[in-house]
Amino acid sequence: PAAASQCPSCGGLTLPPQVERALVLELAKQQILEGLHLPGRPHIPRPPPRAALSRALRRLQPRSAEPARGEELISFAEVADSAPAACSSVLTFRPPPAPARLLRARLWLHVAPTRPGALRLRLFRWGARRRPPGSRALLAEHPVRGPGWQALALPPSGLRAEAPGVLKLRVDCDAPDGNGTARPPPPAPRLLDTAGERRPFLELKLRPREPGAGRARRR
Amino acid sequence: TPTCEPETPLCCRRDHYVDFQELGWRDWILQPEGYQLNYCSGQCPPHLAGSPGIAASFHSAVFSLLKANNLWPTGTSCCVPTARRPLSLLYLDRNGNVVKTDVPDMVVEACGCS
């Protein structure tokens, strides 16, 4: 109000340091929220564990050195095993609803070192609304050459979130017997390491926002 | 553009570093720890109007016309940003996803008179 008669950038205005600092902090909040298209600071009921976070960022670090156009996103899975001894899990992700901007998707899984012989992972879209409940749409297949982290490239078109912001994927595994047919793998402990820093996560690359995308389009 | 010193009345860039800790936002903004929130302030007398930006020769021609005809612009020239750069942010959204994005035009690098 003290500056009502003059805009601050047209000279002559000096504010007491405390007032200027408070103004700057308030301006910073507005600027960051506006830049991120957020109505307010997000409250995060379920923050990812630090170990999983740093592992995922370390895994991505080399690639993110190039100037990034658009957004990159890591979404951690909530894992439900259909049967602990079986070779399948259902992964639930909560990515933000940005279907039209998805450019690239990769699923990172950490396979436990307990499986003998060749193994193949098969990834299905799980429970998509347009399909009967429990039906399966194959998204990717991946030969496992050894325990550790596996990266499965996914077709962006197969990942459109159904319910607002929820995406379910099912991971199955079988043991191909050389002539292309699959036989159930020998029973063994859990296929995926899901605890702590080995939690599965989706790595998504999104196209840059269109300027003014937040506003309704004039028809 | 000079950074503002107490005795600089002319248009300059006023530097401020904002630490996200100060905002209480370090829980959801992972990187960086803070950023430069600079803004422009100071006086812009007529002979600085339009600088930097238009060619000096053109500016001096306009300025001499003003003087020769004893004309002075009624409005004032303002000290505004003339160069900005983006800010790369790594943050957690409300679903706990990690988002990496570049926010354009977030840091003022230089100021000038409009």
Side-chain angles (χ1 to χ4, degrees), chain A residues 6-15 20-21 23-29 31-38 40-49 52-54 56-57 60 64 67-76 78 93-96 165-166 201-206 208-209 211, chain B residues 4 6 8-20 22-25 27-31 34-45 48 75-81 86-108 111 113-114:
Chain A
Q6 230 179 1
C7 80
S9 69
C10 290
L13 178 73
T14 53
L15 294 172
E20 185 181 22
R21 188 63 191 165
L23 197 63
V24 163
L25 293 181
E26 202 46 47
L27 195 62
K29 285 182 181 176
Q31 207 185 31
I32 295 282
L33 291 176
E34 199 174 310
L36 297 177
H37 308 285
L38 293 175
R41 61 143 296 158
H43 292 284
I44 305 151
R46 291 185 303 276
L53 185 60
S54 53
L57 289 174
L60 299 181
S64 60
R69 283 198 32 77
E71 281 176 15
E72 292 175 70
L73 187 138
I74 297 174
S75 181
F76 289 98
E78 294 158 23
F93 297 93
R94 301 186 189 283
V166 174
F201 62 92
L202 264 179
E203 173 210 354
L204 305 175
K205 181 134 178 70
L206 305 175
R209 287 176 194 273
Chain B
C4 293
T8 313
L10 291 179
C11 174
C12 57
R13 187 188 71 202
R14 192 171 295 277
D15 286 1
H16 278 277
Y17 177 74
V18 175
D19 189 321
F20 293 128
E22 244 179 305
L23 304 180
W25 281 10
D27 59 327
W28 68 281
I29 296 183
L30 304 175
Q31 285 291 325
Y35 82 110
Q36 279 300 134
L37 193 159
N38 309 328
Y39 67 90
C40 306
S41 76
Q43 295 165 11
C44 281
L48 282 184
T76 57
S77 160
C78 283
C79 179
V80 293
L87 174 68
S88 211
L89 282 174
L90 191 71
Y91 66 97
L92 291 176
D93 71 7
R94 58 192 168 80
N95 293 319
N97 302 318
V98 180
V99 185
K100 176 172 177 286
T101 189
D102 282 341
V103 184
D105 299 330
M106 276 292 277
V107 180
V108 170
C111 302
C113 295
S114 61

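All heavy atoms count here, side chains included; hydrogens, waters and symmetry mates do not. We name chains A, B, ... by the order of the sequence lines, and we start the count at 1 in each one.
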Study note, to complete from the structure: Of B:D105, B:T101, B:L87, the largest count of non-hydrogen pairs under 4.5 angstrom with chain A goes to B:T101
Review point. Is the CD atom of A:E34 crowded by more than 12 outside heavy atoms at less than 6.0 Å?
Key: no
Exercise for review: Give the intermediate values and the outcome of side chain to side chain contact (heavy atoms under 4.5 Å, CB included) for residues A:F76 and B:V98.
Suggested key: CA-CA 9 Å; A:F76 289 98; B:V98 180; 4.2 Å; yes
Review point. Is there a side chain to side chain contact (heavy atoms under 4.5 Å, CB included) between B:H16 and A:R21 once you walk through the steps?
Key: CA-CA 9 Å; B:H16 278 277; A:R21 188 63 191 165; 3.3 Å; yes
Practice item. Please flag which part of A:L27 lies under 4.5 Å from any non-hydrogen atom of chain B: side chain, backbone, both or neither. Key: both
Review point. To the nearest 0.5 Å, what is the distance between CG (B:L30) and OG (A:S54)?
Key: 11.0 Å
Point to revise | Minimum heavy-atom distance between B:L92 and A:P42, given as atom pair plus value | key: O-CG, 3.5 Å
Check your understanding: If you measure from CG on A:L73 to CG on B:N95, what distance do you get to the nearest 0.5 Å?
Key -> 9.0 Å
Point to revise | Steps toward side chain to side chain contact (heavy atoms under 4.5 Å, CB included) verdict (A:I32, B:L89) | key: CA-CA 9 Å; A:I32 295 282; B:L89 282 174; 4.2 Å; yes
Review point. B:N97 versus A:L204: any side-chain heavy-atom pair under 4.5 Å?
Key: no
Practice item. Go through A:H43, A:K29, A:R46 and name the one with the most non-hydrogen pairs under 4.5 angstrom from chain B. Key: A:K29
Check your understanding: Which region of A:E20, side chain (C-beta onward) or backbone (N, CA, C, O), has a non-hydrogen atom less than 4.5 Å from a non-hydrogen atom of chain B, or is it both or neither?
Key -> side chain
**Study point:** Check ion pair A:R41-B:D27 (N to O, under 4.0 angstrom)
**Key:** yes
Review point. Quick one: are B:Y91 and A:I44 in side-chain contact, heavy atoms under 4.5 Å?
Key: no
Check your understanding: Does A:V24 reach the side chain of B:Y39, with side-chain heavy atoms less than 4.5 Å apart?
Key -> yes
